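The structure appears below as C-alpha cells.
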Protein chains: 2
Amino acid sequence: MDRDLEVFKNKFEKEMKSGLLSFLLLATIGSEKDPTYGYRIINNLASYSGGRYSLPEGTVYPILNQLSERGFLKTYWGDSKTGPRRKYYEITPQGRKAFEICLKEWKFINELVSDMLKNAGVEL
Amino acid sequence: MDRDLEVFKNKFEKEMKSGLLSFLLLATIGSEKDPTYGYRIINNLASYSGGRYSLPEGTVYPILNQLSERGFLKTYWGDSKTGPRRKYYEITPQGRKAFEICLKEWKFINELVSDMLKNAGVEL
DNA sequence: ATAATTACCTCGATGAACAAGGTATGTAGA
DNA sequence: TCTACATACCTTGTTCATCGAGGTAATTAT
C-alpha cells in the first residue's frame, strides 16, 4: 500500500477509535463480575483485539479518572500480591445509564452507515 | 436526562461522528451517478439522517479539499442555473481504494464492538 | 544489585471539528 | 430598484482530545 493510503488509514483508525473509548471502557468494567483495574483493562483490550486495538496508558488513565469524576465509576484502592497497589473500578447506576446512551447512539450510527452504504450500492 | 448525561452524550456523539466523516463523504460521492458538490452533500446528509447527523460547512469543505489534495477526489467548476458556480467532485481510483480501507476498518470495529458487547452480556 | 514486570500518573505537542464570519451569485417580492 | 433570501464556496481561531514521553514506586527474578 502506498504512503498516502497508509497515512489515510492511520488517520481513519485513530478517529474511529476515539468515539469508542468511553463506550468500551464502560462496557468492559460493567461486564466484569469482580472489580477490575486500569492496567488489566489495557492488557485485556489489547489481547482481545489481537493487538489491533491498543490503548496507551496516557489515554486510558485520564479517561478512567474522567468517568470517575462524572460519577460513572466508583473506585477504591486495594492490595496486590504480585506488584504495587491497584485502583479498582466498579460501574455505578449512573454509569449504566451513560452506557445505555452510548449503546443507543452506536445503534443509530450503525444503521446510518448501513443505510448509506446500501444506498451507495455497497454490500457490507 | 440530567445535565451530566447530556454532556456525556454530546461528547460521545461528536467523537463517534469524527471517524465517519471521510468515510461517509467518500461513500456519498462514490455512489452518485452524476458528479455532486459540497452544498448538496451537506443538505443530503442532513435530510438523510433526519437532521440528526448534520455536518457544518466549516467541517465539510476543509475535508473535501483535503481529500482532493490527497488525490481521492477530482474537482472542476461548473455553472448553476439557480445560483453561484459549483465545485463538482468525482471519486478517483485512488479514492476507491481509500474507501475500501475505511470499509474494512469499519467492519473490524463493528465486529470488535459486537464481540465485546456479547462478552459483556449485552444484546445488540 | 539490577533488571523486568506490574501499576499508577502527568505534561505537552499535535491535530481535529466547527462556530463564526466573510465573499459572491441568482431570484423573488415590495 | 433595493432588499431579503437561498444558494454556494471559503478561512480563521477557539477549544478540546489523544497519546508519546517521561516519572514514581512496588514486587519478583536473575
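Just the heavy atoms: all of them, side chains too, but no hydrogens, waters or symmetry mates, feed the values below. Just so you know, these numbers come straight off a predicted model, no measurement behind them. Residue numbers begin at 1 in each chain, while the letters A, B, ... track the order of the sequences.
Nearest nucleotide to the side chain of B:Asn65, out of C:dA17, D:dC10, C:dC8: D:dC10. Residue B:Pro62 places its side chain closer to D:dT11 than to any other of C:dT6, D:dA8, D:dT11. For A:Lys11, the side-chain atoms get nearest to C:dA16 when compared with the rest of C:dA7, C:dA16, D:dC10. For A:Pro56, whose side chain is taken as the heavy atoms from C-beta onward, the closest listed nucleotide among D:dC19, D:dT18, C:dA17 is D:dC19.
Residue B:Leu67 contributes atom CG, which lies 12 Å from atom P of C:dA16 at whole-angstrom precision. As a whole-Å value, the separation of A:Asn44 CG from C:dT6 P is 12 Å. A:Asn43 has its CG atom 10 Å from the P atom of C:dC8, to the nearest Å. Rounded to whole Å, atom C1' of C:dA17 lies 15 Å from atom CG of B:Leu45. Atom CD in B:Glu13 sits roughly 17 Å away from atom C1' in D:dA17 (whole-Å rounding). Rounded to an integer number of Å, the gap from A:Leu20 CG to D:dC19 P is 12 Å. Atom C1' of nucleotide D:dC10 and atom CG of B:Leu64 are separated by 12 Å, given to the nearest angstrom. Whole-Å rounding puts the A:Arg40 CZ to C:dC8 P distance at 11 Å.
For B:Lys74, the NZ atom is loosely surrounded, since the number of other residues' heavy atoms within 6.0 Å does not exceed 12.
A sub-4.0 Å separation between OP1 or OP2 of D:dA8 and a side-chain N or O of B:Ser80 is present. A close approach under 4.0 Å does not occur between any side-chain nitrogen or oxygen of A:Tyr37 and OP1 or OP2 of C:dC8. Contact between the side-chain N/O atoms of B:Tyr39 and the OP1/OP2 oxygens of D:dT7 is found at a separation under 4.0 Å. Phosphate proximity of C:dA17 to B:Thr59: absent, as no side-chain N or O sits under 4.0 Å from OP1 or OP2. Residue A:Tyr61 places none of its side-chain N or O atoms closer than 4.0 Å to OP1 or OP2 of C:dC9. A close approach under 4.0 Å does not occur between any side-chain nitrogen or oxygen of A:Lys17 and OP1 or OP2 of D:dA17. Proximity of A:Arg85 to the phosphate of C:dA7: no side-chain N or O atom is located under 4.0 Å from OP1 or OP2.
Between A:Pro84 and B:Ser54, the residue anchored nearer the 5' end of DNA chain C, judged by the nucleotide with its closest heavy atom, is A:Pro84. Nearest-nucleotide assignment on DNA chain D puts the 5′-proximal partner with B:Thr82, out of B:Gly58 and B:Thr82. Comparing B:Tyr88 and A:Lys14 by the nucleotide of DNA chain D that holds the closest heavy atom to each, the one mapping nearer the 5' end is B:Tyr88.
The base of D:dC9 is paired with the side chain of B:Glu57 by a donor and an acceptor separated by under 3.5 Å.
Side-chain contact between B:Leu21 and B:Val60 is absent, with no heavy atoms from C-beta onward closer than 4.5 Å. Side-chain contact check for B:Tyr76 versus B:Glu90: some heavy-atom pair is nearer than 4.5 Å. By the 4.5 Å heavy-atom criterion applied to side chains, A:Tyr37 and A:Leu64 are not counted as neighbours.
Contact check on A:Lys11 versus A:Glu15 returns a salt bridge, with a Lys/Arg side-chain nitrogen under 4.0 Å from an Asp/Glu carboxylate oxygen.
Between A:Phe99 and A:Phe23, the ring centre distance stays below 6.0 Å.
Across all strands, A:Gly83 comes closer than 4.0 Å only to sugar-phosphate atoms, never to a base (heavy-atom distances).
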